[in-house]
There are 2 protein chains.
Amino acid sequence: MGAVTNSLPAGLHTVRRHNAGLVLDAIATRPGISRAGIAARTGLAKATVSGSIDRLVAANLIVDTGPQTRSGRGRRGTGLTLSPSGPHGLGVEIGVDYLATCLVDLAGTTRAHRIRACNNRTRSMRQVMAHVARAVRAALDEAEAMGAPVGGIGIAVPGLVESSGMLRTAPNLGWRDVDVRAELATRVDLADRPIIVGNEANFAATAELLSAESGDLRDFVHITGEIGVGAGIIINGALLAGVHGFSGEIGHVCVDPDGLLCGCGARGCLETMAGQDAIMSNAGVPANGRPPAHLIDTLTERLAHGDPAALDAARTAGRALGIALAALINIIDVPVVVLGGSYGALEPWIGPPILDELATHVISAPWEPPQVLRSQLGAEAAVRGAAAAAVQDILADPENAMASARSAT
Amino acid sequence: MGAVTNSLPAGLHTVRRHNAGLVLDAIATRPGISRAGIAARTGLAKATVSGSIDRLVAANLIVDTGPQTRSGRGRRGTGLTLSPSGPHGLGVEIGVDYLATCLVDLAGTTRAHRIRACNNRTRSMRQVMAHVARAVRAALDEAEAMGAPVGGIGIAVPGLVESSGMLRTAPNLGWRDVDVRAELATRVDLADRPIIVGNEANFAATAELLSAESGDLRDFVHITGEIGVGAGIIINGALLAGVHGFSGEIGHVCVDPDGLLCGCGARGCLETMAGQDAIMSNAGVPANGRPPAHLIDTLTERLAHGDPAALDAARTAGRALGIALAALINIIDVPVVVLGGSYGALEPWIGPPILDELATHVISAPWEPPQVLRSQLGAEAAVRGAAAAAVQDILADPENAMASARSAT
DNA sequence: ATTTGTTCGTTCGGGCTCTGAACGTAATGT
DNA sequence: ACATTACGTTCAGAGCCCGAACGAACAAAT
């Protein structure tokens with residue numbers, strides 16, 4: 001009889017939490033806003049806002065940047081901004097052929113970023129995790145040297161991750177049933193910092209949601225094309241995780257029941273027509289061990305020169321993507337598609353066929369015409385998203401972070 | 001930076017609302033529960049529960065059914081149940097060839113139910129709405145005669161309905177851009193009762209969610225097979241509506257890019273292989289103007305007797321459903337499928353091929369094997385769901401209904 | 001029949017949170 | 001210099017939940 005979504009009892013503290021989140025959200029959205037402005041935006045009383053601000057400042061989540069420089073009558077407000085020295089999020093991405101880390105502050109700006117090429121396909125899970133642990137230690141040290149406290153860690157993995165954080169399978173890594181959080185915690189001293197483990201496509205979507213470029217985009221599907229094809233679905237500013245956390249596996253949506261056999265055992269999966277390997281082999285771009293970024297460059301060059309095989313491969317991939325995305329839009333009604341990963345670079349060629357298919361297959365297209373946008377974030381989307389998600393957890397429940405800040409003092 | 005889901009400021013009243021919903025939910029889930037039991041279940045203090053109960057009783061949402069008959073030591077609790085004379089929900093379904101109404105009490109039991117056959121395809125929107133208005137008036141009168149106050153109305157429509165209640169298109173009715181709520185309000189005096197307009201498939205899913213038979217099922221896809229094919233997606237006990245409210249249009253998911261042309265203009269839609277018309281014509285069941293229920297009976301008879309054409313049609317439909325549902329499950333990770341509408345009766349024949357396709361195409365199947373269940377609700381699911389949704393709105397925010405009850409006194 | 005132990009529902013004081021109005025402060029325009 | 005406008009703080013007030021204590025109801029043991 002699920003009438004009440006959150007089945008925890010509410011108390012006064014709940015109100016505080018919620019309102020603190022509201023205040024912080026206002027500051028994040030409009031940096032430099034004054035207390036009065038926050039009161040007007042949130043609908044809270046000025047007194048309430050002031051109190052909340054005091055506590056947020058004490059926890060070093062926000063800073064008072066002094067009087068606003070604003071023309072007009074009356075006393076000037078004092079500007080408030082997310083604290084640059086507040087808790088940071090550390091993002092880690094365990095890719096198939098690279099390992100990336102990045103450090104993001106409360107405002108979402110990247111403070112440090114590092115990517116290491118390495119073939120994780122051939123190495124064992126232990127070896128890879130040892131490497132991850134070294135990278136995390138290095139990143140933590142670097143953060144400390146910068147005076148950037150790390151308040152949470154996000155780990156992006158190319159596979160099915162349960163909401164609990166358990167990695168069920170990562171086909172391209174050859175991993176099964178790995179508790180990534182535990183594996184990391186035994187190798188690095190993380191000092192009780194919260195760790196979020198998630199799917200790379202979902203984190204990439206989160207990154208897109210939080211990126212300044214995308215503005216007020218709060219409903220979209222972000223589709224990532226790397227070795228696999230994954231989607232992250234954002235509805236009303238929140239990731240749709242599904243029951244276990246396995247949502248967004250669009251790569252294995254059946255696009256043609258008589259199609260090619262996929263590595264998963266099924267026939268006609270989207271990946272067999274729009275995965276990076278498929279596009280490259282259809283386009284005749286040799287995949288002899290070159291880094292993926294180089295392959296994409298070669299492909300776009302050929303496309304720009306009008307190579308027929310390349311154009312055909314792009315059209316095929318676009319159509320397949322269009323059919324799969326049409327299914328997605330018909331099913332969950334999210335008519336904005338953001339092309340991320342390597343699809344971003346291919347947008348000029350795959351965008352039109354995608355739009356064509358969406359126009360014919362999406363039943364609500366006449367009323368809400370689907371849009372296809374291009375992500376501004378490159379391959380770094382997933383790491384940034386992982387870091388940003390860690391930060392977001394702090395931002396969403398500041399009262400929590402403030403409690404730990406108090407106990408640490 | 002959408003960190004906070006609900007951007008309204010919270011106050012003391014918010015807490016009250018939430019907790020009242022919690023208490024009511026506990027009573028709905030476990031009728032006859034005592035105050036102490038509620039306190040234990042919800043985590044609220046006994047004092048808080050008692051206060052909440054007092055107000056809920058005053059609003060006639062619940063009733064005190066006297067001392068519990070329970071063995072064991074200690075004082076017996078006093079049982080609490082949803083009030084049988086509390087506000088009822090009136091459900092209306094505007095079908096393609098019928099018009100149904102039903103009256104549901106707070107506990108979800110149907111108190112009255114009526115279905116009228118009528119060909120709404122050939123009549124104009126005004127004629128149909130006039131008919132609907134008469135039916136609603138009759139139902140309101142009947143409710144009053146029964147001493148069952150109507151607290152809200154739900155209207156199920158076979159088409160795309162925006163969250164605002166605007167019906168964008170109902171292909172099988174030939175309607176476009178109809179404000180069903182307004183059309184009804186001008187024809188019947190509804191006395192400020194809230195009206196919810198929604199898609200029939202979504203309401204059917206709601207009915208399944210709230211039906212006692214389905215127990216603790218809080219995550220599933222309910223799939224309705226009538227003239228069209230629709231899905232209602234329930235995640236964590238809540239309907240996934242999508243951005244505009246257009247979710248669940250699985251009937252036009254492309255199952256075969258080289259398939260038959262659908263009425264929507266696209267090729268290979270699920271409906272062309274698993275819609276009622278398609279199944280019947282594939283099975284060779286003549287559709288000469290007979291009521292749909294009769295057609296299904298004929299089909300199941302033939303299937304039971306092993307008619308090859310019928311078996312083949314069922315297998316084809318099952319496969320197509322399986323492919324479309326696999327896409328849905330891959331995308332949103334809801335691995336429980338409930339077959340409703342006429343699919344319920346066909347479950348013995350379409351269930352196995354659906355499961356086969358799910359097993360091959362769903363990428364998470366090895367970890368979370370998809371299930372296919374059969375709905376116990378028949379064709380009445382949508383009306384009941386509409387009525388239940390109206391009731392649910394009262395139950396979810398009792399403090400609101402209590403306020404109106406007070407002002408009415 | 002009485003006592004004991006358990007459970008239930010209510011009462012009451014305490015603490016916490018938001019609110020609204022009043023107040024002091026800062027900047028602008030006349 | 002003064003009126004005006006806007007900002008941030010202070011303070012009393014009211015509302016809500018909680019925990020403990022209390023009386024009531026009931027079963028089992030004495």
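Just so it is clear, the structure is predicted and the values come from calculations on it, not from any experiment. Letters go in sequence order (proteins before strands), and every chain restarts at 1.
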Restricting both atoms to N or O, compile the protein contacts to nucleotides 27-30 of chain D shorter than 3.5 Å, with distance only.
{"from": "D/dA27", "atom 1": "OP1", "to": "B/Arg76", "atom 2": "NH2", "distance (Å)": "2.5"}

Can you check nucleotides 21-24 of chain D for protein contacts, nitrogen or oxygen pairs under 3.5 Å, and list what you find?
{"from": "D/dG23", "atom 1": "N2", "to": "B/Arg75", "atom 2": "NH1", "distance (Å)": "2.8"}
{"from": "D/dA24", "atom 1": "N3", "to": "B/Arg75", "atom 2": "NH1", "distance (Å)": "3.3"}

Using a heavy-atom cut-off of 4.0 Å across all strands, would you classify A/Ser34 as base, sugar-phosphate, or nothing? sugar-phosphate
Non-neighbouring partners of A/Arg75 that pass salt bridge (charged side-chain N to carboxylate O under 4.0 Å, His left out), sequence neighbours left out: none
List the residues meeting side-chain contact (heavy atoms from CB on, under 4.5 Å) with [X], not counting sequence neighbours, and say none if there are none.
{"X": "A/Ser85", "answer": "A/Asn60, A/Ser83"}
{"X": "A/Gln376", "answer": "A/Glu213"}
{"X": "A/Thr109", "answer": "A/Asp105"}
{"X": "A/Ser50", "answer": "A/Arg35"}

Where each residue is assigned the nucleotide of DNA chain C containing its nearest heavy atom, which of A/Pro67 and A/Val15 is assigned the position nearer the 5′ end? A/Val15
Check the distance between [N]'s [atom2] and [X]'s [atom1] and give it to me in whole angstrom.
{"X": "A/Ile53", "N": "D/dG8", "atom1": "CD1", "atom2": "P", "value": "9 Å"}
{"X": "A/Arg17", "N": "C/dC18", "atom1": "CZ", "atom2": "C1'", "value": "17 Å"}
{"X": "B/Ile33", "N": "C/dG9", "atom1": "CD1", "atom2": "C1'", "value": "15 Å"}
{"X": "A/Arg16", "N": "C/dG15", "atom1": "CZ", "atom2": "P", "value": "16 Å"}
{"X": "B/Asp64", "N": "C/dT10", "atom1": "CG", "atom2": "P", "value": "9 Å"}
{"X": "B/His13", "N": "C/dT19", "atom1": "NE2", "atom2": "P", "value": "7 Å"}

Spacing of [atom1] belonging to [X] relative to [atom2] belonging to [Y], to within rounding of 0.5 Å:
{"X": "A/Leu56", "Y": "A/Leu80", "atom1": "CG", "atom2": "CG", "result": "9.0 Å"}
{"X": "B/Ser247", "Y": "B/Leu239", "atom1": "OG", "atom2": "CG", "result": "5.5 Å"}
{"X": "B/Thr110", "Y": "B/Leu103", "atom1": "OG1", "atom2": "CG", "result": "9.0 Å"}

C/dT19, D/dG8, D/dC16: which one has an atom nearest the side-chain heavy atoms of A/Thr78? D/dG8
Looking only at the side chain of B/Ser50 (C-beta and beyond, no hydrogens), which of the listed nucleotides D/dG8, C/dG9, C/dC12 gets closest? C/dG9
Heavy-atom check, side chain of B/Ile235 versus side chain of A/Leu240, under 4.5 Å: yes
5'-most by nearest nucleotide on DNA chain D - A/Asp54 or B/Leu12: A/Asp54
Take A/Gln68 and A/Ala47, find for each the nucleotide of DNA chain D with the closest heavy atom, and name the residue whose nucleotide sits nearer the 5' end. A/Gln68
Those residues at least two apart in sequence (or on a different chain) that pass side chain to side chain donor-acceptor pair (under 3.5 Å) with B/Arg30 are none
Below 4.0 angstrom, which residues in residues 35-43 of chain B have at least one non-hydrogen atom near DNA chain C? B/Arg35, B/Ala36
Take the C1' atoms of the five end pairs on each side of the helix from C/dA1-D/dT30 to C/dT30-D/dA1, derive the two axes, and give their angle rounded to 10 degrees. 10°
Quick one, B/Asn236 with B/Asp219, criterion side chain to side chain contact (heavy atoms under 4.5 Å, CB included). Give me CA distance, side-chain angles, the key distance, then yes/no. CA-CA 6 Å; B/Asn236 197 18; B/Asp219 301 281; 4.3 Å; yes
Ignoring hydrogens and angles, write down the donor-acceptor pairs under 3.5 Å from the side chains of residues 9-17 of chain B, residues two or more places apart or on other chains.
{"from": "B/Thr14", "atom 1": "OG1", "to": "B/Gly11", "atom 2": "N", "distance (Å)": "2.9"}
{"from": "B/Thr14", "atom 1": "OG1", "to": "B/Gly11", "atom 2": "O", "distance (Å)": "3.3"}

Which pairs of donor and acceptor atoms, one on a side chain in residues 38-48 of chain A, lie under 3.5 Å apart (sequence neighbours left out)?
{"from": "A/Thr42", "atom 1": "OG1", "to": "A/Ile38", "atom 2": "O", "distance (Å)": "2.8"}
{"from": "A/Thr42", "atom 1": "OG1", "to": "A/Leu44", "atom 2": "N", "distance (Å)": "3.2"}

Determine: side-chain N/O of A/Asn19 to OP1/OP2 of C/dC18, distance under 4.0 Å, yes or no. yes
Return the minimal non-hydrogen interatomic distance between B/Gly86 and B/Pro149, and the atom names on each side. O-CG, 3.5 Å
